[in-house]
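All remarks here apply to the structure that follows.
Given the structure is predicted, the values throughout are model-derived calculations rather than measurements. Reminder, nothing fancy here: chain letters follow the sequence lines and each chain counts from 1. Excluded from the calculations below are hydrogen atoms, water molecules and symmetry mates; all remaining heavy atoms, backbone and side chain alike, are included.
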Protein chains: 2
Amino acid sequence: MAHSHDDHHHERPRDLTRNQDLVLQTLNHAEGPLSAYDILDKLREDGLRAPLQVYRALDKLVEQGLAHRLESLSAFVCCADAGCHDGARTAAFAICSGCGRVDEFADPEVVERLAAWAQEKGFGLERTTIELRGRCARCLGSSTP
Amino acid sequence: MAHSHDDHHHERPRDLTRNQDLVLQTLNHAEGPLSAYDILDKLREDGLRAPLQVYRALDKLVEQGLAHRLESLSAFVCCADAGCHDGARTAAFAICSGCGRVDEFADPEVVERLAAWAQEKGFGLERTTIELRGRCARCLGSSTP
DNA sequence: CGGTGAAATGTTATGACATAACGCTATCGA
DNA sequence: TCGATAGCGTTATGTCATAACATTTCACCG
């Protein structure tokens, strides 16, 4: 049970199921965040019919770090960096109110400060949400500055 | 227009309306975050009947910095620091999955780093959400460590 | 090969969160 | 007094998410 390479049970990117793959591809091809129902609509012709089919797939994708949920939008995006679930588990998101696009980034300093706060308070940190709202450079550049 | 006390149009804590006051008191007396419908239920005997009455009050309270919306919970808390809307406009929240209690804090360094990122990217930052999930010291101390 | 258990699936129904649209009321300064 | 602005009350509806249950798929093991 403790074999060195006997790790078929680990947390790694195991193969995606059909529904999971469909949902992930949909997110990958999207310009911006999509709600579960947006995704469902795009996948009707692929046989999906109920919200749960999408939510279940999303749960797994988020669990594996392949997608993220944006709390302030109640919507989902695919992970910008295929390897982001390897290391920097705490991403930040800048969401443009103009075009709706999302820019994912990581700031180690920020992560560190928050972890330090948790440490100091004895707070068992499990997950962090960081979301910036505003207008991206492109949207500021053009219409209604 | 620049009279010293001619400032009835400013952003300051103008008097709250009846509904706003009811909602704020409800949040103040609560142990943890409340959903709009939780608040509505507590205020039925005061005459409130529809979600919109609560949501409208909440909008104003949040606008004035007297309450905060926790995106990851779809719930609301009163601002921990009466003066928090003066200066540190970017608060962070540590939400305990065990007891549901919320600890509000501000970390200038974090705020600064995020502002710096925005600056660098030309992102017009308007609002920031920072929410930590985990278990508070007290909950870690007792049951199911 | 066939059984078995874990995980995924499909479906219906329901719950929880939030806003649109409408008309009325109160307040306040010009 | 008039008109503008903000708040109020109500009904209806929209959006996001999960409960519950039956069925299917598939890797693994005896």
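- For S35(B), the side chain to side chain donor-acceptor pair (under 3.5 Å) criterion is met by D38(B), not counting sequence neighbours.
- In this entry the distance linking CZ of R18(B) with P of dC8(D) reads 10 Å, nearest Å.
- Separating the CD atom of Q20(A) from the C1' atom of dA7(C) is a distance of 10 Å, rounded to the nearest angstrom.
- Between the CG atom of N19(A) and the C1' atom of dT11(C) there is a distance of 13 Å, rounded to whole Å.
- Residues from residues 35-56 of chain B with heavy atoms under 4.0 angstrom of DNA chain C, sorted by number: S35(B), Y37(B), L52(B), Y55(B).
- At whole-Å resolution of the value, CG in D15(A) and C1' in dT25(D) are 15 Å apart.
- Contact between the side-chain N/O atoms of R69(B) and the OP1/OP2 oxygens of dA18(C) is found at a separation under 4.0 Å.
- The side chain of T17(A) places an N or O atom within less than 4.0 Å of a non-bridging phosphate oxygen (OP1 or OP2) of dT9(C).
- The nearest whole Å value for the distance from the CG atom in L58(A) to the C1' atom in dC16(D) is 12 Å.
- Cluster partners of I130(A), by chain and number: F105(A), V110(A), L114(A), W117(A), F123(A), L125(A), L132(A), F105(B), V110(B), L114(B), W117(B), F123(B), L125(B), I130(B), L132(B). The rule joins Ile, Leu, Val, Met, Phe, Trp and Tyr whenever side-chain heavy atoms lie under 4.5 Å apart.
- Taking every side-chain heavy atom of S74(A) into account, dC16(D) is the closest of dA8(C), dA18(C), dC16(D).
- Residues from residues 22-34 of chain B with heavy atoms under 4.0 angstrom of DNA chain C: there are none.
- If you take CG of L73(A) and C1' of dA18(C), they are 15 Å apart, rounded to a whole angstrom.
- Listed by chain and number, the residues in a ring pair (Phe, Tyr, Trp, His ring centres under 6.0 Å) with Y55(B) amount to none (sequence neighbours excluded).
- Listed by chain and residue number, E131(A) satisfy the side chain to side chain donor-acceptor pair (under 3.5 Å) test with S72(A) (two or more places apart in sequence, or in another chain).
- Side-chain atoms of V77(A) and L27(A), non-hydrogen and from C-beta on, never get closer than 4.5 Å to each other.
- Residues satisfying the side chain to side chain donor-acceptor pair (under 3.5 Å) test with R56(A), not counting sequence neighbours, are none.
- Listed by chain and number, the residues in a salt bridge (Lys or Arg N to Asp or Glu O under 4.0 Å) with R113(B) are D107(A) (sequence neighbours excluded).
- Residues passing the salt bridge (Lys or Arg N to Asp or Glu O under 4.0 Å) test with R101(B) are E31(B), sequence neighbours excluded.
- Summarising the geometry, the separation between CG on D59(A) and P on dC16(D) is reported as 16 Å, rounded to the nearest angstrom.
- A straight line from CG of L61(A) to P of dA7(C) spans 17 Å, rounded to a whole angstrom.
- Between the CD atom in Q53(A) and the CG atom in L40(A) there is a gap of 7.5 Å [rounded to 0.5 Å].
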